[in-house]
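Inspection log for the structure reproduced underneath, given as structure tokens.
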Amino acid sequence: MVKELTTREQDYSQWYNDLVLKGSLADYSAVRGCMVIKPYGYALWENMQAALDKMFKDTGHENAYFPLFVPKSLFEAEEKNAEGFAKECAIVTHYRLKTDPNNKGKLMVDPEAKLEEELIVRPTSEAIIWNTYKTWIQSYRDLPILVNQWANVVRWEMRTRLFLRTAEFLWQEGHTAHATKDEAIAETVKMLDVYADFAENWMAMPVIKGVKTESERFAGAEDTYCIEALMQDGKALQAGTSHFLGQNFAKAFDVKFSDKNNTQEYVWATSWGVSTRLIGGLVMTHSDDEGLVLPPRIAPVQVVIVPIFKGDEQKAMIDEKMAVVVASFKAAGIRVKYDNSDNNRPGWKFAEYELKGVPIRIAVGPRDLENNQVELARRDTKEKTDISLDGLTKTVAALLLEIQSNLLQRAIKYRDDHITSVDTWDEFINVLDNKTGFVLAHWDGTAATEEKIKDQTKATIRCIPLDNPLEDGKCILTGNPSKQRVLFARAY
RNA sequence: CGGGUGGUAGCGCAGUCCGGUAGCGUACACGUCUGGGGGGCGUGUGGUCGCAGGUUCAAAUCCUGUUCACCCGACCA
């Protein structure tokens with residue numbers, strides 16, 4: 001079967017949906033806004049998880065798990081956080097069903113099984129976690145607490161998109177507690193660096209680190225740091241956030257500790273998270289009209305070997321030769337798939353593995369074996385070359401590294417080519433509409449102006465970049481004085 | 001959540017206006033010829049038309065409700 005893909009030019013968002021569905025990453029489900037992550041997509045997520053998890057552990061964090069449900073009274077304790085999420089919460093009100101006397105074979109909610117207190121399905125876990133930390137922390141000796149959890153959360157989004165915005169999604173959320181403000185801020189920045197490191201060196205997705213403006217800040221945070229990536233259609237994607245929560249949650253949940261002088265102090269907090277949304281970002285950073293393009297470091301299959309044979313005899317001969325190659329690849333830590341299935345012919349397999357974004361394809365037939373070589377094709381550039389069987393493992397290992405690096409360089413170039421500094425409103429509009437991408441422009445620092453710009457252009461301030469140079473200028477909208485440019489874009 | 005469009009075989013679609021009990025391509029099974037970019041020929045299998053109700057002698061088709069998806073908008077860390 002020919003799997004027709006919409007091209008990016010035809011309809012970028014349809015192209016995205018096609019890739020996710022036909023690339024076997026995910027499927028729709030019978031539940032509004034919730035998707036099924038298929039084995040191939042989940043394998044990708046597992047590779048991402050494994051890399052991140054190691055990075056968290058290497059920076060001193062431990063994993064734990066907290067409940068899915070948050071009692072309403074706890075949820076509302078930190079006012080701003082509660083208010084920020086209130087409109088998108090799923091709520092459990094009952095704990096039992098019963099057979100419907102008026103509707104044979106159907107069930108109904110048992111009105112007698114109403115909960116005393118509603119349970120909120122977590123949209124994020126600060127509340128339940130800080131209510132727990134209260135009991136863990138007595139002394140400065142109990143600090144810091146450096147905990148991460150891998151979990152699902154639910155946010156009742158009005159409009160959902162596979163991976164980018166689903167009602168239920170998988171993520172990790174780190175929640176740390178510290179004795180001092182400085183230490184908490186350092187933690188916030190450290191984890192932002194971990195995210196940026198992961199995005200660039202594993203996903204080959206370059207990001208800009210920055211701080212959110214007040215109106216874009218996480219509900220309940222003092223400061224929200226973020227990494228912002230740029231997609232191929234010129235729209236920005238918030239790829240991860242790290243929040244300095246100040247003492248807001250400590251005060252809301254009364255979490256105090258005795259310092260060295262036996263004085264009671266409120267604890268300082270951070271939280272940080274990345275989600276399966278990263279997979280959406282990955283798709284929209286590298287993939288093309290032929291399908292997914294996955295970076296080798298996280299690709300579920302790094303190399304696929306397609307034997308080309310006529311009849312069982314040839315197949316057996318190639319199988320035997322390739323068994324050695326596969327073993328050698330595996331010994332070198334290369335994730336390899338040998339596809340000698342006879343259901344589909346080579347051309348079909350080529351197309352299929354391109355759709356799935358496998359970084360390297362090796363084709364091998366009798367002709368190649370006579371010459372002691374194989375045909376090697378790379379997904380990122382579509383180049384095909386004949387390579388000697390001698391030293392093939394080394395060649396492939398090196399090529400995987402090169403593809404990883406090439407994808408990053410390509411994405412960096414695209415991103416850098418799409419950061420434009422503008423000084424006037426007309427230029428601003430022009431770039432957003434035609435060139436697209438990030439726009440660096442002066443802003444007077446007020447939420448009102450930010451809001452007006454958003455209303456008129458749909459562009460938001462993605463962040464104030466961390467390494468931003470100070471520079472006097474005039475706000476593109478109001479002309480009021482500004483001390484630095486901020487990063488605007490239309491965003492997902 | 002408001003407006004629009006769609007849901008018929010695993011996938012992509014026709015049939016719906018003008019009710020009469022479902023068809024095409026592909027996939028799948030078997031056979032055969034094939035095999036270096038999504039194979040050819042032949043023979044078959046598979047659905048009761050998203051779900052629930054209603055009208056009718058008769059419903060994929062008409063009516064009501066509902067659900068899932070997509071698009072626009074509002075909303076969204």
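Chain A is the first sequence line, chain B the second, and so forth, proteins listed ahead of strands; every chain is numbered from 1.
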Under the ring pair (Phe, Tyr, Trp, His ring centres under 6.0 Å) rule, collect the residues that match up with A/Phe169, sequence neighbours excluded. A/Trp171
Only counting residues at least two apart or in another chain, list the ones meeting salt bridge (charged side-chain N to carboxylate O under 4.0 Å, His left out) with A/Glu451. none
Please state how far atom CD1 in A/Ile308 lies from atom P in B/rG39, giving the value in whole angstrom units. 13 Å
Paired with B/rC62 by Watson-Crick or G-U wobble geometry, both distances under 3.5 Å: which nucleotide is it? B/rG54
Taking a pair as Watson-Crick or G-U wobble with both distances under 3.5 Å, which nucleotide is matched to B/rG35? none
Nearest whole Å is fine: how far is B/rG35 C1' from A/Asn344 CG? 12 Å
Less than 4.0 angstrom between a side-chain N/O of A/Lys384 and OP1 or OP2 of B/rG37, yes or no? no
Non-neighbouring partners of A/Trp272 that pass ring pair (Phe, Tyr, Trp, His ring centres under 6.0 Å), sequence neighbours left out: A/Phe56, A/His61
Below the 4.0 Å mark, does B/rC71 have OP1 or OP2 next to a side-chain nitrogen or oxygen of A/Ser13? yes
Euclidean distance, A/Ile403 CD1 relative to A/Arg378 CZ, rounded to 0.5 Å: 5.0 Å
Given B/rG36, B/rC70, B/rG73, identify the nucleotide with an atom nearest to the side chain of A/Pro346. B/rG36
Base, sugar-phosphate, or nothing: which does A/Arg462 touch, judged by heavy atoms less than 4.0 Å apart? nothing
Find the distance between CE (A/Met35) and OG1 (A/Thr166) and round it off to the nearest 0.5 Å. 4.5 Å
The nucleotide from B/rG38, B/rC70, B/rC75 with an atom nearest the side chain of A/Met158 is B/rC75
Tell me every residue that passes side chain to side chain contact (heavy atoms under 4.5 Å, CB included) with A/Tyr266, counting only those two or more places apart in sequence or in another chain. A/Gln247, A/Ala250, A/Lys251, A/Asp254, A/Lys256
Of all residues at least two apart in sequence or in a different chain, which pass the ring pair (Phe, Tyr, Trp, His ring centres under 6.0 Å) check with A/Tyr353? none
A/Lys454 or A/Lys382, whichever maps to the more 5' nucleotide of RNA chain B: A/Lys382
Measuring from A/Arg165:CZ to A/Arg277:CZ, what's the distance to the nearest 0.5 Å? 5.5 Å
According to the Watson-Crick and G-U wobble definitions, with both distances under 3.5 Å, which nucleotide is paired to B/rA29? B/rU43
Tell me which residues in residues 30-39 of chain A lie within less than 4.0 Å of RNA chain B, going by non-hydrogen atoms. A/Ala30, A/Val31, A/Arg32, A/Gly33
Tell me the partner of B/rG12, counting only Watson-Crick (N1-N3 plus N6-O4 or O6-N4) or G-U wobble (N1-O2 and O6-N3) with both under 3.5 Å; none if nothing fits. B/rC24
Which of residues 228-251 of chain A sit near RNA chain B, with a heavy atom under 4.0 Å from it? A/Gln238
So CD of A/Glu118 and CZ of A/Phe75: to nearest 0.5 Å the spacing works out to 12.5 Å
Keeping to residues at least two apart or across chains, list the ring-ring contact (aromatic ring centres under 6.0 Å, His included) pairs with something in residues 213-234 of chain A. A/Phe85-A/Phe218, A/Phe218-A/His243
d(NZ, A/Lys22; P, B/rG12) in whole Å: 7 Å
Looking at the base of B/rG36, is there any donor atom on it, or on the side chain of A/Arg345, that sits under 3.5 Å from an acceptor on the other one? no
With sequence neighbours left out, the residues meeting side chain to side chain contact (heavy atoms under 4.5 Å, CB included) with A/Ala177 are A/Trp130, A/Tyr133, A/Ile137, A/Leu143, A/Ile145, A/Val267
Using a 4.0 Å heavy-atom cut-off across all strands, classify A/Asp342 as base, sugar-phosphate, or nothing. base
In Å and rounded to the nearest 0.5 Å, what is the CD to CG distance from A/Gln302 to A/Leu399? 11.0 Å
Would you say a side-chain N or O of A/Arg159 is under 4.0 Å from OP1 or OP2 of B/rC72? yes
Give the rounded distance in Å between these two atoms: CZ of A/Phe163 and P of B/rA69. 15 Å
Separation of B/rC1 atom C1' from A/Glu157 atom CD, nearest Å, is 13 Å
Can you find a side chain N or O atom of A/Tyr28 that sits less than 4.0 Å from OP1 or OP2 on B/rG7? no
Taking a pair as Watson-Crick or G-U wobble with both distances under 3.5 Å, which nucleotide is matched to B/rC1? B/rG73
Which of residues 82-90 of chain A sit near RNA chain B, with a heavy atom under 4.0 Å from it? A/Gly84, A/Phe85, A/Lys87, A/Glu88
Describe the nucleic acid contact of A/Pro366 in one word from base, sugar-phosphate, nothing, applying a heavy-atom distance below 4.0 Å. base
Would you measure the distance from the P atom in B/rG47 across to the matching atom in B/rC62 and give it in whole Å? 25 Å
Just the rounded figure in Å: distance from C1' of B/rG35 to CZ of A/Phe350. 11 Å
Atom pair distance, as rounded to whole Å: CD in A/Gln314 and P in B/rG35: 10 Å
Checking contacts here: which listed nucleotide (B/rG35, B/rC1, B/rG36) is nearest the side-chain heavy atoms of A/Ala363? B/rG36
With sequence neighbours left out, the residues meeting ring pair (Phe, Tyr, Trp, His ring centres under 6.0 Å) with A/Trp15 are A/Tyr12
Taking the six-membered ring for Trp, are the ring centroids of A/Phe428 and A/Phe488 within less than 6.0 Å of each other? yes
On RNA chain B, check which nucleotide each of A/Ser29 and A/Trp171 is closest to and give me the residue with the more 5' one. A/Ser29
Whole angstrom is fine here: how far is it from CG in A/Asp289 over to C1' in B/rG37? 17 Å
Neighbours of RNA chain B within residues 367-380 of chain A, by heavy-atom distance under 4.0 Å: A/Arg367, A/Asp368, A/Glu375
